[in-house]
Enquirer: 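First the structure, which I've put down as structure tokens, then a few questions once you've had a look.
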Amino acid sequence: MRVVAGGAGNGGVTSGDGTGVVDAGAGARGLARWVLVAPAGAGFELLPIDAVGQAAGEVTWVDDLALGVSALEREAAPRWVWWRTAEVYPALLEAGVRVQRCHDLAAAQNLLNTYEGAAFVPPQSVVRESAGRSEQISLFGDEPGSSAGGAGVVGTTGGPDTAGHEEEVGRTESSGGRWVGTDGPDLDAPQDDLVLGSLVTEQTPLPSTREAPQGLAELQRLYAGQVAHVARVRRTHPGFALLVAAESAAGLAAVEMGRAGLPWSVRIHDEVLTDLLGPRPQHHGRPPKLQALAEEVSRLLVPGVTGPGPAMNPDSPGDVLKAFKRQGVLLTSTRAWELKEVEHPAVAPLLRYKELARLHVAHGWSWQGQWVRNGRFHPEYVPGGVVTGRWATSGGGALQIPKVMRACVVAEPGCVLVAADAGQLEPRILAALSGDRGMLAATADADMYTALARQALGRPEARNEAKIGLLAAMYGARANTPAMVALRRRFPKALELLERAARTGEDGGIVRSVLGRTCPPPDPTWQDVPLEQALARSRARGRFTRNFVIQASAADWANALVAGLRRRLSALSPAAELVFFQHDEVIVHVPAALAEAAVQAVVDSGAEATALVLGDRGVRIPLAAAPIASYADKN
DNA sequence: AGACGTTGCGCC
DNA sequence: AAAGGGCGCAACGTCT
């Protein structure tokens with residue numbers, strides 16, 4: 001182990017004990033609440049900094065980051081400031097080092113850039129594209145040195161009454177339930193200022209996130225710029241610091257979850273597959289039951305042809321369309337819902353074939369071989385991979401596990417799964433965003449749709465109409481069903497928020513989530529097309545912005561949930577693992593003795609997320625959590 | 001042969 | 001009954 005000072009003339013480094021423990025200098029010991037990490041040579045430079053990014057100690061160099069981080073984490077548990085969690089953290093976990101909190105510079109910059117009107121840059125695109133085309137201009141330039149005062153990004157010094165909510169997300173147990181830095185919004189005030197944005201463009205070029213800034217000084221400058229920038233944004237969007245902190249926490253949780261993996265029984269998986277598809281084929285090719293269905297479809301659709309093998313390929317939409325056409329059935333596509341309209345003996349086996357074929361190719365034996373190791377499914381999560389702030393995955397399709405495969409997710413011996421989801425999250429978010437009193441009252445109900453049906457339609461049994469109507473309104477359907485009309489009459493503020501968001505988008509404007517995540521602006525040339533196309537694009541953008549305010553705010557809430565949950569589980573036991581997250585649901589894997597504590601951790605985290613993100617606005621977001629042996633037992 | 005776009009369906 | 005938001009993935013089909 002070799003440790004050298006990174007800066008001229010500074011000592012403050014000791015490693016003579018062979019543990020690699022780095023003494024960051026007397027000035028920093030116990031006081032370093034933020035530590036900047038920068039690659040340097042074959043190792044890393046560490047620099048204690050203060051809340052606004054100024055050096056608060058001496059630079060040290062370590063050749064083994066895990067050892068250096070481990071020491072300081074034990075000593076001070078600082079907020080680690082680094083370029084990209086996905087690049088740094090896996091090696092730390094590999095060495096057995098967990099950190100409590102961090103500030104992901106790349107993620108923060110992405111949030112700031114989109115806030116200012118930049119295009120969306122998926123977090124993983126750097127790794128994948130940096131070697132290839134370089135269409136992106138590097139905009140990394142001078143970040144304004146001017147400080148708008150106050151600490152923005154990670155400090156507890158942001159204001160006398162805020163106590164830095166990001167700190168609460170990252171660490172503390174309290175949940176204030178107040179909006180950061182301001183009074184809570186008046187329930188009766190229009191919320192447009194929160195969700196309908198106008199671009200207040202930065203004076204200087206925005207730093208690109210396509211390439212990592214090189215060196216400690218550049219990273220330090222970037223961080224200081226972000227602190228100042230966030231402080232400015234918080235004047236109009238007080239939740240923005242929480243957004244940044246929750247995004248960073250989500251990044252830690254994502255790496256931890258990918259590493260931990262979702263308990264996955266290969267035995268049950270084989271059983272399910274064999275049951276549905278027949279025995280695994282020796283080589284590639286269709287399993288027996290799939291092959292039989294293919295041949296049956298073929299016989300029924302191409303009657304003249306005999307002999308071995310199907311006369312048409314049911315995987316080929318072209319083949320299917322042609323075959324139906326010869327049978328006198330005209331289709332515009334081979335989508336399941338369109339096929340269901342058709343009366344023909346081949347339809348039923350074809351639909352069954354499509355269903356099973358999908359399971360085989362997407363979650364079959366080859367999927368198992370690629371993604372399941374030692375009884376755990378290890379996907380790669382990408383927080384913020386979706387423009388709305390939802391997580392994406394870059395492999396394994398963890399967010400699209402078919403329901404029939406949930407039986408494969410079982411607790412390991414002596415353990416249980418604690419599975420929880422926020423039922424009807426999006427309509428509850430709508431109620432909170434709009435401040436619609438009637439809709440807020442409906443969130444008190446465990447089944448919100450029944451409450452809506454009772455209030456708007458006068459018939460609780462019209463639950464499904466109310467549900468479809470509200471979902472359609474949130475997704476942008478143009479059909480004005482009677483249920484939608486009734487909902488608009490009974491919950492005018494809620495529906496009005498959606499319609500305003502849609503109009504803003506149609507006009508080329510931008511909208512934001514409750515915490516300030518901002519949708520990208522349209523391409524500047526988006527309307528330079530024939531009128532009819534321009535109209536279609538305008539409507540499409542209206543649907544997008546209409547949905548964005550809901551989906552992105554729900555993602556804000558979910559990230560706060562994950563942030564709080566990983567903190568609580570970490571305090572509970574190293575054996576309490578967050579093993580799955582999907583938009584509005586989580587699964588925790590714990591020793592059975594900790595089941596109740598884990599349930600409590602989930603419930604508390606949900607309550608905290610609601611308080612932090614949505615404030616004290618009378619919205620209820622129930623989070624049903626229960627210990628189960630198998631994911632199939634959920635609900 | 002490989003890149004790319006389309007189709008269709010899994011999840012929320 | 002059949003229209004609306006966000007994704008990832010694999011196979012097909014076409015282009016290069």
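Reminder, nothing fancy here: chain letters follow the sequence lines and each chain counts from 1. Values in this document were obtained by computation on a predicted structure and should not be read as measured data.
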Enquirer: Under 4.0 Å between a side-chain N or O of Asn313(A) and OP1 or OP2 of dC12(C)?
Expert: yes
Enquirer: May I have the distance from Lys322(A) (atom NZ) to dC12(C) (atom P), rounded to whole angstrom?
Expert: 14 Å
Enquirer: Rounding to a whole Å, what distance do you find between Met474(A):CE and dG6(C):P?
Expert: 14 Å
Enquirer: Which part of the nucleic acid, if any, lies within contact of Ala336(A), taking any heavy atom under 4.0 Å across all strands shown: a base, the sugar-phosphate backbone alone, or nothing?
Expert: sugar-phosphate
Enquirer: Nearest whole Å is fine: how far is dA11(C) P from Arg358(A) CZ?
Expert: 11 Å
Enquirer: dG5(C) phosphate, OP1 or OP2: any side-chain N/O from Arg543(A) under 4.0 angstrom?
Expert: yes
Enquirer: Side-chain N or O of Lys354(A) versus OP1/OP2 of dC9(B): is the shortest distance under 4.0 Å?
Expert: yes
Enquirer: Taking only side-chain N and O atoms of Thr393(A), does any of them lie within less than 4.0 angstrom of OP1 or OP2 on dG8(C)?
Expert: no
Enquirer: Describe the nucleic acid contact of Gln582(A) in one word from base, sugar-phosphate, nothing, applying a heavy-atom distance below 4.0 Å.
Expert: sugar-phosphate
Enquirer: For Leu531(A) and Leu535(A): C-alpha separation, side-chain torsions, deciding distance, then whether side chain to side chain contact (heavy atoms under 4.5 Å, CB included) applies.
Expert: CA-CA 6 Å; Leu531(A) 184 62; Leu535(A) 193 62; 5.6 Å; no
Enquirer: What contact category does Arg406(A) fall into here, base, sugar-phosphate, or nothing, at under 4.0 angstrom with non-hydrogen atoms?
Expert: sugar-phosphate
Enquirer: If I take atom CH2 in residue Trp391(A) and atom C1' in nucleotide dC11(B), what distance separates them, rounded to the nearest angstrom?
Expert: 16 Å
Enquirer: Which nucleotide sits closest to the side chain of Val361(A): dG5(C), dG4(C), dA11(C)?
Expert: dA11(C)
Enquirer: So if I take every side-chain heavy atom of Trp337(A) and compare against dA2(C), dG8(B), dC7(C), which nucleotide ends up nearest?
Expert: dA2(C)
Enquirer: Nearest to the side chain of Glu355(A) - dC11(B), dG6(C), dG10(B)?
Expert: dG10(B)
Enquirer: What's the CZ-C1' distance between Phe544(A) and dG4(C), to the nearest Å?
Expert: 14 Å
Enquirer: Write down the distance between NZ (Lys634(A)) and C1' (dC12(B)), rounded to a whole number of angstrom.
Expert: 11 Å
Enquirer: Taking the side chain of His583(A) as its heavy atoms from C-beta onward, which of dC7(C), dC12(B), dG10(B) lies nearest to it?
Expert: dC12(B)
Enquirer: Round to a whole Å and report the spacing from OH of Tyr475(A) to P of dG5(C).
Expert: 10 Å
Enquirer: For Glu341(A), which contact category applies under a 4.0 Å heavy-atom criterion: base, sugar-phosphate, or nothing?
Expert: sugar-phosphate
Enquirer: Answer with yes or no after comparing the ring centroid distance for Tyr115(A) and His237(A) against a 6.0 Å cut-off, counting only values under it.
Expert: yes
Enquirer: Hey, what's the ring geometry for His363(A) with Trp367(A), parallel, tilted or perpendicular (30° and 60° as the breaks)?
Expert: tilted
Enquirer: Does the side chain of Asn110(A) come under 3.5 Å of the side chain of Glu247(A) through a donor N or O and an acceptor N or O?
Expert: no
Enquirer: Output, in order, the C-alpha distance, side-chain angles, deciding distance and verdict of side chain to side chain contact (heavy atoms under 4.5 Å, CB included) for Val387(A) and Thr114(A).
Expert: CA-CA 10 Å; Val387(A) 67; Thr114(A) 51; over 6 Å; no
Enquirer: Atom CG of Leu498(A) and atom P of dG5(C): how far apart are they, to the nearest Å?
Expert: 14 Å
Enquirer: Would you say Ser316(A) places a side-chain N or O within less than 4.0 Å of OP1 or OP2 belonging to dG13(C)?
Expert: yes
Enquirer: With ring centroids as reference points, do Trp371(A) and His378(A) lie under 6.0 angstrom apart?
Expert: no
Enquirer: Would you indicate which nucleotide in dG4(C), dC12(C), dG5(C) comes nearest to any side-chain atom of Arg390(A)?
Expert: dG5(C)
Enquirer: Taking OP1 and OP2 of dG8(B), is either one under 4.0 Å from a side-chain nitrogen or oxygen of Arg335(A)?
Expert: yes
